[in-house]
Chemist: 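Here it is, the structure, as structure tokens.
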Amino acid sequence: MFEIIVVVALMVIGYIFGSHAEATHYRSILKREGVLVHLPAIPFYHPDPLRRVETSAFVIGSCVISNDYFKRILAMFYSFVGANVVCYESLIDRARREAVLRMKERATAFDEIVNVRIETSSINGLEAGARAATSIEVIAYGTAMKYEMPRSSIEGSRISL
Amino acid sequence: MAPIYRPPPLNDRDNPNVGRSHPLRDLIVLALGTGGAVVIIAIILGWTINLLVPLVPQRYEARLFGWITVPNDDEVFPAETERLHRIFTMMQPHLPPSELTAKISVVNSETPNAMTLPGGQIVFTSGLTTQASSDNELAMILGHELGHLYNRDHLRGIGMGLSTTLLTSALSFDEAGGFITNLLGLTSMSFSRDQEQAADRFGLDMLYATYNSAHGATEFFDRMAAQNDEGGGLGELFATHPLSEGRARNLRELIGARNGQ
């Protein structure tokens with residue numbers, strides 16, 4: 001009986017603080033994505049062939065987001081029926097976008113980031129078993145490019161290609 | 001100058017990467033769904049076991065479990081053993097015909113308790129025999145244990161235990177698995193409480209047949225209720241036996257119905 005009360009209490013705490021953290025984080029992500037939308041982050045290997053590279057740098061953004069207790073219990077129930085683990089989808093989505101934003105924030109002085117890769121790993125303390133605090137880490141990295149000519153000055157010539 | 005492409009913001013509503021179902025709704029649906037399914041499975045299992053157990057021939061059961069005995073501490077409790085055997089001899093003519101034979105032992109333990117083992121071994125603790133104020137009280141308890149034997153409740157218990165163990169061993173030992181395991185346990189406990197009530201009825205019948213009176217039927221349960229605070233109402237859901245107070249009340253109702261005839 002006592003165990004049930006503890007589990008329910010932890011779930012309530014997890015739900016209240018987890019949803020609050022998620023809502024706050026999404027507000028911040030949307031705001032910063034709006035600011036950084038003009039800095040392209042693309043997966044292509046090569047920089048823009050029409051412009052001379054002035055300088056380049058390796059940029060990396062990483063982010064670790066923890067699972068909350070409510071999401072963890074809910075995920076176990078999803079696993080009984082093999083449904084989409086919706087409660088983890090938002091976790092991964094937040095971590096991925098946050099990592100890309102942090103990478104972009106490192107490269108605000110550059111024109112674009114090429115060869116962008118995104119990697120995910122889970123941090124789940126295997127020694128401690130299933131009760132360990134599970135979290136996910138997302139790393140986004142790429143090569144930031146600074147060109148000699150600003151992008152707007154070649155807009156016309158790109159179309160004539 | 002070409003217009004700059006601006007991707008739409010990925011807000012809550014337009015984000016295709018995150019499912020839109022509400023987590024609380026999902027939790028309630030999934031918990032009720034899996035929990036309900038498990039309770040239904042456990043109830044079907046219980047019914048199946050209750051249907052199958054009477055089909056097992058009694059001689060198989062006697063052969064399978066007959067070897068289970070508890071050494072009698074009769075050199076320590078000769079008077080108690082003698083008393084129980086005397087009551088049993090009086091009761092014997094009234095017992096239903098059966099290939100199962102009851103063996104009675106007294107073991108040294110302060111806790112007042114009695115139990116029936118598979119194969120017909122009935123064990124009384126010395127705490128129970130010394131606390132019992134009358135032969136009628138002991139006859140009621142002996143009748144209850146014989147009820148378990150003739151209703152073959154240990155077979156039901158073994159069947160239910162085996163099937164719930166099989167079911168729970170398939171589940172992981174996390175909180176959601178624990179939730180399912182608890183529900184299985186609670187459902188099997190309700191079957192166990194039904195068996196206790198049936199054994200109580202059998203015991204009362206035996207008491208009547210032996211002494212022509214219901215005197216002493218509720219004494220043990222009244223004393224248990226007075227000695228231990230068993231909590232009320234909801235506590236019964238988490239117990240294999242009905243609460244003593246409820247059992248005493250139930251027996252009084254049965255006695256009342258019998259006297260009214």
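Side chains are part of it too, since the values below use all heavy atoms of this structure and drop only hydrogens, waters and symmetry mates. Numbered from 1 within each chain, the chains take letters A, B, ... in sequence-line order.
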Chemist: Grab the two heavy atoms, one from B:R152 and one from B:V53, that are nearest each other, plus how far apart they are.
Modeler: NH1-O, 3.5 Å

Chemist: Quick one: do B:D194 and B:R156 make a salt bridge, cutoff under 4.0 Å?
Modeler: no

Chemist: Has the side chain of B:N250 got a donor or acceptor atom that lies under 3.5 Å from a matching backbone atom of B:G246?
Modeler: no

Chemist: Counting only heavy atoms not in A:R52, do more than 12 sit closer than 6.0 Å to its CZ atom?
Modeler: no

Chemist: Taking non-hydrogen atoms and a cut-off under 4.5 angstrom, which of residues 90-104 of chain A neighbour chain B?
Modeler: A:S90, A:D93, A:R96, A:R97

Chemist: For A:R32, does the CZ atom have more than 12 heavy-atom neighbours from other residues, nucleotides or ligands under 6.0 Å away?
Modeler: yes

Chemist: With a 4.5 angstrom heavy-atom cut-off, could you sort out which part of B:I180 is near chain A: side chain, backbone, both or neither?
Modeler: side chain

Chemist: Please state whether the side chain, the backbone, both or neither of A:Y78 comes within less than 4.5 Å of a heavy atom of chain B.
Modeler: both

Chemist: Non-hydrogen atoms of chain A under 4.5 Å away: do they reach the side chain of B:S21, the backbone, both or neither?
Modeler: both

Chemist: Under 6.0 Å between ring centres: does that hold for B:F179 and A:F77?
Modeler: yes

Chemist: Near A:F58 CZ, under 6.0 Å, is it more than 12 heavy atoms from other residues, nucleotides or ligands?
Modeler: yes

Chemist: Could you list which of residues 16-24 of chain A have a heavy atom closer than 4.5 Å to any heavy atom of chain B, in residue-number order?
Modeler: none

Chemist: Check this for me: does any side-chain nitrogen of one of A:E54 and A:K146 sit under 4.0 Å from a carboxylate oxygen of the other?
Modeler: no

Chemist: For B:T116, which residues count as a side chain to side chain donor-acceptor pair (under 3.5 Å) partner, sequence neighbours excluded?
Modeler: B:E145

Chemist: Going by salt bridge (charged side-chain N to carboxylate O under 4.0 Å, His left out), name the residues that satisfy it together with A:D68, two or more places apart in sequence or in a different chain.
Modeler: none

Chemist: Donor-acceptor pair, B:S126 side chain versus B:S109 backbone, under 3.5 Å?
Modeler: yes

